[in-house]
Amino acid sequence: MIGIFDSGYGGLTILNKIRQLLPEYDYLYLGDNARAPYGTRSFDVIYEYTLQAVKYLHEQGCNLIILACNTASAKALRTIQQRDINPDEVRVLGVIRPTVEFVPARTRTKHIGVLATPGTVASESYVIELLKQDPTLVVTQQACPMWVPLIEAGEHLSEGADYFVEKYLTELLTRDPLIDTIILGCTHYPLIQDKIEAYLSQTNRHMLVVTQGEIVAHSLADYLHRHPEIVERISSPLKGRSGGGFLTTESATKFADSASLFLSEHIEAEHIELQ
Ligand code: DGL
């Protein structure tokens with residue numbers, strides 16, 4: 001079974017694409033909605049919360065866990081990989097590496113914009129990793145602290161959300177008008193992609209808006225192709241629950257209602273406590 005973790009609903013945008021490409025596996029989704037957003041929290045807190053989630057998913061029988069959260073990938077992934085897990089038992093992968101590998105070949109101006117949470121922006125992970133791919137890139141980041149709270153509160157399609165879409169995009173494009181490729185560096189943001197693209201076309205900006213779902217799904221497929229031993233482990237759960245499902249630290253009903261909407265299918269969820 002494969003575990004998919006996010007601070008809240010954002011990871012569903014990744015789960016959705018992974019399930020479409022790799023329907024043969026079981027998936028256990030965990031959203032730490034009660035403690036979202038992570039993006040404005042300190043390194044120590046994000047690390048601690050992410051580690052709790054990884055341990056929980058592993059206990060449930062997930063031998064492969066995707067941190068479907070840029071903030072957790074930026075702030076906690078490396079420490080967890082190096083310090084906390086035994087790779088012979090569980091593998092933990094993030095979403096930033098596949099994204100930065102995808103982008104450089106797509107830009108013509110070589111000016112990239114990154115929209116992300118304050119935590120991801122402060123980590124500089126995208127800047128560092130993109131420049132490793134191509135040192136001639138010009139990377140401009142924009143923190144969007146209001147987007148995750150709006151999405152978690154179900155207010156992202158409201159007119160009020162337009163104000164914050166315009167605000168962050170204007171700030172980004174004023175700082176670098178040569179940007180032709182924008183990375184949505186937070187897995188929640190595809191849920192407002194229509195608003196983002198509507199604003200860009202209204203201002204006559206033609207640019208590539210990069211979302212991570214398909215990129216991460218293909219990168220995972222490639223990873224599994226290269227690691228048949230992991231395929232064997234995730235295909236035959238020796239312990240824990242089987243069949244996958246949805247877990248949340250918030251109310252199960254609230255999660256199920258919103259997640260059913262985001263995934264366009266009826267889902268049931270279970271409340272759990274992380275500690
Ligand atoms: N989906 C998370 C990400 O990709 C949002 C983090 C948050 O809770 O602020 O960064």
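Both counts, for ligands and for their atoms, begin at 1 and track the order of listing.
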Spacing of Ile234 atom CD1 and Glu24 atom CD [to the nearest 0.5 Å]: 8.5 Å

Go through ligand 1 atom by atom and flag the ones less than 4.0 Å from a non-hydrogen atom of [X].
X: Asn70; answer: 3 (C), 4 (O), 10 (O)
X: Asp6; answer: 1 (N), 2 (C)
X: Thr117; answer: 6 (C), 9 (O), 10 (O)

Sub-4.0 Å heavy-atom contact, Gly8 with ligand 1: no

Top protein contact for atom 9 (O) of ligand 1, by heavy-atom distance: Gly39 N, 2.7 Å

Protein heavy atom at shortest distance from atom 6 (C) of ligand 1: Thr71 OG1, 3.3 Å

Check: Thr40 N/O within less than 3.5 Å of ligand 1 N/O: no

Heteroatom distance test (Thr187, ligand 1): nitrogen or oxygen, under 3.5 angstrom: yes

Under-4.0 Å heavy-atom contact with ligand 1, by part of Ser7 that carries it: side chain

Check: Tyr56 ring centre within less than 6.0 Å of Phe5 ring centre: no

Centroid-centroid distance, Tyr189 to Trp147, less than 6.0 Å: yes

Under-4.0 Å salt bridge between Arg19 and Glu265: yes

Any side-chain donor near an acceptor of the partner, Gln142 and Arg175, under 3.5 Å: yes

Test item: side-chain donor near acceptor, Asn63 and Glu89, under 3.5 Å: no

Passing candidate, side-chain contact (heavy atoms from CB on, under 4.5 Å) with Leu67, options Thr50, Val95, Ile96, Ile4: Thr50

Closest to atom 7 (C) of ligand 1 (judged by heavy-atom distance), picking from Trp147, Tyr38, Phe5, Tyr189: Tyr38

